[in-house]
Number of protein chains: 2
Amino acid sequence: MSLRERKKEQTREALSWAALHLAVERGIENVRVEDIAAAAGVSARTFNNYFTSKFEAIYWRALARSEAAAVAVRERPAGEPLWDAVIAAVVEQYTAEGESRAPEGWQAGVRAMMQAPEMTGEYLKLSRRTEREMAVAVADRTGTDLDKDLYPHLVAAAVAAAVYVATDRWMQSEPPVPPMASLIEDGLRQIAAGLPAPR
Amino acid sequence: MSLRERKKEQTREALSWAALHLAVERGIENVRVEDIAAAAGVSARTFNNYFTSKFEAIYWRALARSEAAAVAVRERPAGEPLWDAVIAAVVEQYTAEGESRAPEGWQAGVRAMMQAPEMTGEYLKLSRRTEREMAVAVADRTGTDLDKDLYPHLVAAAVAAAVYVATDRWMQSEPPVPPMASLIEDGLRQIAAGLPAPR
DNA sequence: ACGTAAAATTACGGACCACGCAAATTTAGC
DNA sequence: GCTAAATTTGCGTGGTCCGTAATTTTACGT
C-alpha cells in the first residue's frame, strides 16, 4: 500500500474515531462536523470527502464489520449448511474484539449515545448499502438469483435485522451486560428456526 | 372529529401527496421542501410542523400502513397462531387498495423515484419508529416481555425486513408486475419457515 | 535532486434544511 | 361578540453538504 493510500486510511480512521469519541463525550447533538474535522486535524471539506454525514462516520466501524461478515460467509467451508455458515461468520465479527480493553465507562457512554433520538434509524439507513454484500454471498452459496429470487435478499435483511435488534438489546442492558456475540447468535438462531412463538 | 382536527389531517394528506407527486414527477433531487409546501398551499414552516424531512412526507402513507398492520395483528382472533395472524394482518394492508386505479405510468414513476440513490435507506430509517408498534403487538399475543426478550423485537424487525425486501422487489419488477401482496406474503412465509436454503 | 503529473486537501460560496420564537390568524367555546 | 387555545406564518439562525478552483502533497521518471 502506498504512502498516499495509507494516509487516506489513517484520515478515515481518525475521522471515524473522532466522531465516535466526541459523540460519546458530548452527546451527538453537541457535535458538529467542524468539531470532528478539527479533532482529526483536517478541514470540514475533507470530512465530507470521506463521509456524507457524521452518522456515517460514527457507524463506519460497524458498517465495516457488516462488510467483513459478508466476506467471511464467502470463506466458510463450501459444504457447510447456509445458516451454520452465516451464524459463524457473523458472530466471529463480534468476538475477535478487545471489548474488555475499552476504557471504563466507554461502553456505557456508547450505549447512552446510541440511545439519542437523533441516532434513531441512522444505522439502518446506512446498513442498507452493506446488505447487498451479504445478499451476494448468500446467492453464491445457495445458487439463488439476485434478480429473480427474494431469498438471498430476505436472508441478508433478516441477518441485518437480527444484528440490529441484538445490538439494540445490548445497548439497553443493565450490568452485568451479556456479551454482544451471545445476543447476536441467539437472534440469528431464532431467525433460522423460523421465529417460533415461545412456549 | 372537530373542524380543526379535520383540517390538520387534510393538511398532512395534502403535504404527503404533494411530496410524492412532485418526487415522481421531477425526481427527488429536484424537489425542495418549499416546493412541496407551495403545492399543498402552506408555508415551509408549516411543512416542518408536520414532517421533519421530505422523505418522511413521501413515506408517510407507507409508514401509516405499517402502523395499521400492527393494529391489525392485535385484532386477529386470540387463538390464531402468531405467524398466521401476522401474515394475514400485514398482507391485508397491501390488498385493500386501489392499485389498479392509479393513473397509467404512476407505478412505473413511483418505482423509478424510489430507486434514486437519495432514497436509499430513508424508508428503513423512518420505519424504525413503527417497528416498536409491531413488537408491542407481538409481545401481547405471545406473552413475551419487551424489556427482557429478544423475540418480539426480532419478529417485528424480521417482518419489516420482509416487507421492505418484497416492496423493493416489486419496485424493480418488469411488467407483468406481480401483486405486491403476493410478494410480501411469500417473504413472510419464508421468514416463518426459517428461511431454509432452497433446494 | 528535480520536474511534471496525479491525487488529495482546503477555502470559499451557495443552496438548502430544520428549528425556536413570537406575531398573526383561525377555530373553539361560551 | 369576546376570550382562550391552537395553528400558521415570518424571520432569523445555525448547520450541513456540495461544486469549484486553488493549493499542497505524493508519485514517478529521469
Side-chain angles (χ1 to χ4, degrees), chain A residues 1-20 22-23 25-60 113 116-123 125-126 129, chain B residues 1-20 22-23 25-60 63 116-122 125-126 128-129:
Chain A
M1 189 187 273
S2 68
L3 172 61
R4 180 164 275 166
E5 284 171 337
R6 279 208 301 282
K7 290 195 75 173
K8 276 182 75 172
E9 272 315 298
Q10 281 161 2
T11 301
R12 189 181 290 280
E13 287 273 344
L15 285 167
S16 181
W17 273 118
L20 192 53
L22 287 171
E25 214 172 87
R26 307 180 186 172
I28 186 68
E29 71 279 7
N30 298 310
V31 177
R32 296 173 305 144
V33 165
E34 197 179 315
D35 301 328
I36 298 168
V42 299
S43 77
R45 192 67 191 84
T46 294
F47 174 89
N48 279 119
N49 286 335
Y50 286 84
F51 300 109
T52 58
S53 70
K54 61 191 178 187
F55 301 107
E56 191 180 357
I58 289 168
Y59 284 121
W60 180 66
M113 188 269 288
E118 295 89 338
M119 301 302 293
T120 303
E122 292 296 340
Y123 174 76
K125 171 179 171 176
L126 294 160
R129 300 183 211 164
Chain B
M1 189 186 273
S2 67
L3 173 58
R4 180 164 277 166
E5 284 169 338
R6 278 207 302 283
K7 289 195 74 173
K8 277 182 74 173
E9 272 316 299
Q10 281 162 2
T11 300
R12 188 180 291 279
E13 286 274 344
L15 284 166
S16 181
W17 274 117
L20 191 53
L22 287 171
E25 213 173 88
R26 305 180 187 173
I28 186 66
E29 70 281 6
N30 299 308
V31 176
R32 298 171 305 144
V33 164
E34 197 178 317
D35 301 329
I36 298 169
V42 298
S43 77
R45 192 64 192 88
T46 295
F47 173 90
N48 279 119
N49 287 334
Y50 286 84
F51 300 109
T52 57
S53 70
K54 60 190 178 188
F55 300 107
E56 192 180 357
I58 290 170
Y59 284 120
W60 180 66
L63 294 167
E118 295 90 338
M119 301 302 291
T120 303
E122 291 296 339
K125 170 179 171 175
L126 293 161
R128 200 53 203 102
R129 301 182 210 166

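For the numbers below, each heavy atom of this structure counts, side chains included, while hydrogens, waters and symmetry mates do not. So you know, we letter chains A, B, ... as the sequences are listed, proteins then strands, and number each from 1.
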Distance, rounded to the nearest Å, where B:Glu5 contributes CD and C:dA28 contributes P: 9 Å

Value in whole Å for how far the P atom of C:dA18 lies from CZ of B:Phe47: 7 Å

Taking every non-hydrogen atom, the tightest pair across A:Leu15 and A:Ala37: CD2-CA, 4.1 Å

Between C:dT9 (P) and A:Phe51 (CZ): distance, integer Å: 12 Å

Shortest side-chain distance from A:Arg45, nucleotide among C:dC17, C:dT10, C:dA28: C:dT10

Distance below 4.0 Å between A:Thr46 side-chain N/O and C:dA8 OP1 or OP2: no

Atom-pair distance (CZ on B:Arg4; C1' on C:dG29), nearest Å: 11 Å

Separation of atom OH in A:Tyr50 from atom C1' in C:dT9, rounded to whole Å: 8 Å

A:Ile58 CD1 to A:Ile28 CD1 distance, which is reported to the nearest 0.5 Å: 3.5 Å

Between C:dC16 (P) and B:Asn48 (CG): distance, integer Å: 15 Å

Rounded interatomic separation in angstrom, taking NZ from A:Lys54 and C1' from C:dC17: 13 Å

Side-chain (A:Asn48) to main-chain (A:Arg45) donor-acceptor, under 3.5 angstrom: no

Euclidean distance, atom CD of residue A:Glu29 to atom C1' of C:dC19 [Å, nearest integer]: 15 Å

A:Lys54 bridged to A:Glu118 by N-O distance under 4.0 Å: no

Boundaries of the chain B footprint along DNA chain D (any atom under 4.0 Å from a heavy atom): D:dA5 to D:dC11

Rounded distance (nearest 0.5 Å) linking atom CG of B:Leu20 with atom CD1 of B:Ile36: 10.0 Å

For the student: nearest non-hydrogen atoms of B:Ser16 and B:Ala57, plus distance: OG-O, 2.9 Å

Test item: A:Thr120 side-chain N/O and A:Pro117 main-chain N/O as donor-acceptor pair under 3.5 Å: yes

Residue whose closest nucleotide on DNA chain C lies nearer the 5' end, A:Thr11 versus B:Glu34: A:Thr11

